[in-house]
Amino acid sequence: MNQSHELFERAKKTIPGGVNSPVRAFRSVGGTPFFTKQAQGCHLTTVDDQKLLDYVCTWGPAIHGHDHPIIREAISGALNRGTSFGTPGPDEVEMAELLVDIVPSVEKVRMCNSGTEATMSSIRLARGFTGKSKIIKFAGCYHGHVDSLLVKAGSGALTFGNPDSAGIPESFAKETIVLPYNDLAAVEHAFSETEEGIAAIIVEPYPANCGFILPGQGYLEGLRKLCTANKAVLIFDEVMTGFRLGLGGVQERTGVIPDLSAMGKIIGGGLPVGAFGGKSEIMNFLAPLGPVYQAGTLSGNPLAMAAGIASLKLLQESSPYNHLEELGSTLASGILGIAQEYSIPLQVPQVGSMYCLFFSEKPVANFEDALASNGELFNKLFQHCLKNGVYLPPSAYETCFISAAHKDSDIEKTLDCVRGGFASF
Ligand code: HOZ
């Protein structure tokens with residue numbers, strides 16, 4: 001038994017399933033999860049000293065690679081000043097100014113501690129602002145483990161076959177209208193059929209929790225128009241795409257500006273952070289200015305602010321996006337080319353540093369298409385890659401991430417590894 005195995009057996013006695021977030025348990029791909037003792041650049045080192053080329057990047061935050069010296073220095077500097085104040089601190093102001101500067105939709109912003117908190121509070125704010133209860137979400141989109149959003153959800157909920165989680169009262173779920181992504185007519189229909197009105201649409205503008213899916217032409221623009229026409233709040237969940245697919249996220253890439261944005265991951269520089277922001281008119285509904293309550297002991301935590309500010313400034317200074325696009329497109333086209341050689345049906349949707357592998361004959365436009373792809377082939381490739389030093393996300397429904405620390409030689413190594421995997425199918 002290796003050390004990961006021993007730790008997992010030990011963990012299972014005191015942690016449900018041995019993990020603090022379900023996808024990490026490897027249930028979907030099979031086998032025992034490895035435990036990491038160190039992360040550096042684009043590599044993880046396991047407790048059994050296996051060095052892995054990492055395409056999970058802590059599920060998104062590590063855009064600069066792991067343990068970036070500038071972020072580490074910012075955290076140590078903050079550590080010398082104290083770990084939590086429980087009063088406002090100067091870094092919170094700097095962080096807010098940065099986010100307002102960078103994210104097109106954000107005029108005011110509130111920090112919280114995770115992406116889940118960000119989407120949960122955005123929904124509450126939208127309901128408080130509009131005075132309406134119903135919200136629209138899309139099948140396969142995952143917005144954290146918020147009660148009203150864990151309906152037909154992606155990520156771990158989908159991986160483990162319960163996109164509709166137990167423990168959520170039917171009365172809560174009834175407030176959520178679930179529609180297929182990429183189908184504007186369904187949204188129009190929902191608006192016209194819902195007499196009491198709809199408070200908000202929440203959407204991952206590029207869904208990244210049932211694989212990686214791209215919007216059809218005019219889809220996001222259509223959502224924007226329908227929300228404006230029906231006085232509903234458009235919420236972009238850019239927890240994964242924000243600061244990753246360009247500094248200003250999908251909203252900057254597409255020019256479609258939501259009313260509220262949920263953010264997380266990269267803005268914490270590897271520490272736990274979330275944020276939500278948008279139009280002042282809506283944000284001013286938050287306590288202490290307005291009637292919508294939202295709070296947090298560790299919100300705006302000085303360590304997290306320092307790490308996040310360093311991460312954002314590094315993005316502004318180094319602008320890694322062209323480099324990431326080159327790496328991403330070389331990898332995606334390389335994998336597709338190899339699949340063709342072996343006559344393996346494969347789609348590799350990719351934008352910049354995000355991509356996924358759908359073993360499917362046809363492009364994937366929504367949740368149904370994603371479910372119809374061959375997860376078994378993904379699992380085989382996952383196991384082959386892991387054995388050969390390349391770590392893909394441990395589920396066919398998660399998105400792969402590339403960091404600025406990945407090099408051309410890492411992409412070549414990955415392509416060799418994928419070739420070996422496809423040859424063994
Ligand atoms: N919510 C993440 C996947 N989209 C998983 C986070 C984790 O397991 O660390």
Side-chain angles (χ1 to χ4, degrees), residues 35-47 51-103 106 109 111-115 118 238-240 242-249 263-275 277 296-324 327 352-353 391 401-407 410:
F35 282 59
T36 301
K37 69 174 178 189
Q38 206 194 346
Q40 182 89 56
C42 59
H43 292 102
L44 300 178
T45 307
T46 73
V47 289
K51 192 172 171 192
L52 296 170
L53 181 53
D54 181 20
Y55 285 103
V56 178
C57 293
T58 91
W59 305 92
I63 191 165
H64 303 290
H66 298 286
D67 193 26
H68 193 285
I70 291 181
I71 298 178
R72 184 157 25 94
E73 212 175 287
I75 297 172
S76 349
L79 195 53
N80 289 331
R81 299 188 291 273
T83 55
S84 176
F85 305 146
T87 72
D91 282 358
E92 294 169 72
V93 187
E94 186 172 0
M95 174 62 101
E97 286 168 353
L98 270 171
L99 294 176
V100 167
D101 195 33
I102 292 173
V103 187
V106 175
V109 63
M111 299 309 298
C112 51
N113 299 292
S114 68
E238 292 233 46
V239 170
M240 290 172 99
F243 317 93
R244 181 164 273 283
L245 301 184
L247 201 52
M263 298 161 273
K265 300 204 190 260
I266 287 174
I267 56 169
L271 295 188
V273 167
T297 298
L298 291 170
S299 297
N301 173 267
L303 291 185
M305 293 305 95
I309 290 168
S311 171
L312 290 176
K313 284 189 170 167
L314 202 50
L315 285 176
Q316 285 179 318
E317 281 152 26
S318 64
S319 191
Y321 301 107
N322 288 342
H323 171 60
L324 290 170
L327 294 177
S353 57
Y391 177 46
F401 294 100
I402 304 172
S403 78
H406 284 75
K407 295 190 269 320
D410 297 310

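In this text the structure is predicted, and so the values were computed from the model without any measurement.
- Residue Ala39 comes nearest to Asp67 through the heavy atom pair O-CB, 3.5 Å, listed as atom of the first residue, atom of the second, then distance.
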Test side-chain contact (heavy atoms from CB on, under 4.5 Å) applied to His64 and Cys57, step by step: CA-CA 9 Å; His64 303 290; Cys57 293; over 6 Å; no
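- Lys407 is linked by a salt bridge (Lys or Arg N to Asp or Glu O under 4.0 Å) to nothing, counting only residues two or more places apart in sequence or in another chain.
- Contact annotation: the side chain of Thr46 never approaches that of Lys51 to less than 4.5 Å [non-hydrogen atoms, C-beta and beyond].
- In this structure, Met240 and Phe401 have side chains that are in contact, with non-hydrogen atoms separated by less than 4.5 Å.
- Annotation for Gln316: atom CD counts as buried by contact number, over 12 foreign heavy atoms lying within 6.0 Å.
- Proximity of Thr45 to Gln40: side-chain heavy atoms (C-beta onward) are nowhere separated by under 4.5 Å.
- Side-chain contact between Arg244 and Ser353: present, with at least one pair of heavy atoms (C-beta onward) separated by less than 4.5 Å.
- Closest approach of Val239 and Gly115 over heavy atoms only: CG2-CA, 3.9 Å.
- Separating the CD1 atom in Ile70 from the CG atom in Leu314 is a distance of 5.0 Å, to the nearest 0.5 Å.
- Here the side chain of Ser403 pairs a donor or acceptor atom with the backbone of Ala405 at under 3.5 angstrom.
- There is a side-chain donor-acceptor pair under 3.5 Å between His66 and Asp54.
- Side chains of Met263 and Phe243 form a contact here, defined as non-hydrogen atoms less than 4.5 Å apart.
- With rounding to the nearest 0.5 angstrom, the CG atom of Asp410 is 10.0 Å from the CD1 atom of Ile402.
- Between Leu327 and His323 the shortest side-chain heavy-atom distance falls below 4.5 Å.
- Formation of a donor-acceptor pair under 3.5 Å by the Ser311 side chain with backbone atoms of Ile266 is found in this model.
- Nearest heavy-atom pair across Ala310 and Ala74 is CB-CB, 3.7 Å.
- Under the rule for a salt bridge (Lys or Arg N to Asp or Glu O under 4.0 Å), Asp101 has no partner lying at least two apart in sequence or in another chain.
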Residues 82-97 side chain polar contacts: donor-acceptor under 3.5 Å, at least two apart:
| residue | atom | partner | partner atom | Å |
| --- | --- | --- | --- | --- |
| Glu92 | OE2 | Gly89 | N | 2.7 |
| Glu94 | OE2 | Lys313 | NZ | 2.6 |

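- When each of Val106, Leu315, Ile267, Ile309 is paired with Leu98, the side chain to side chain contact (heavy atoms under 4.5 Å, CB included) condition holds for Ile309 and for no other.
- One finds the CD1 atom of Ile102 at 4.5 Å from the CG atom of Leu312 (value rounded to the nearest 0.5 Å).
- In plain terms, the two heavy atoms of Ala275 and Cys112 that are nearest each other are N-SG, 3.7 Å.
- Between Met111 and Val273, some side-chain heavy-atom pair lies under the 4.5 Å cut-off.
- Atom CG of Leu298 and atom OG of Ser114 lie 11.5 Å apart (nearest 0.5 Å).
- Taking CG of Asn301 as the reference point, atom CG of Leu271 lies at 7.5 Å (rounded to 0.5 Å).
- The shortest distance between side-chain heavy atoms of Tyr321 and Leu245 does not fall below 4.5 Å.
- Here the straight-line distance linking atom CZ of Arg81 with atom CG of Leu79 works out to 9.5 Å at 0.5 Å rounding.
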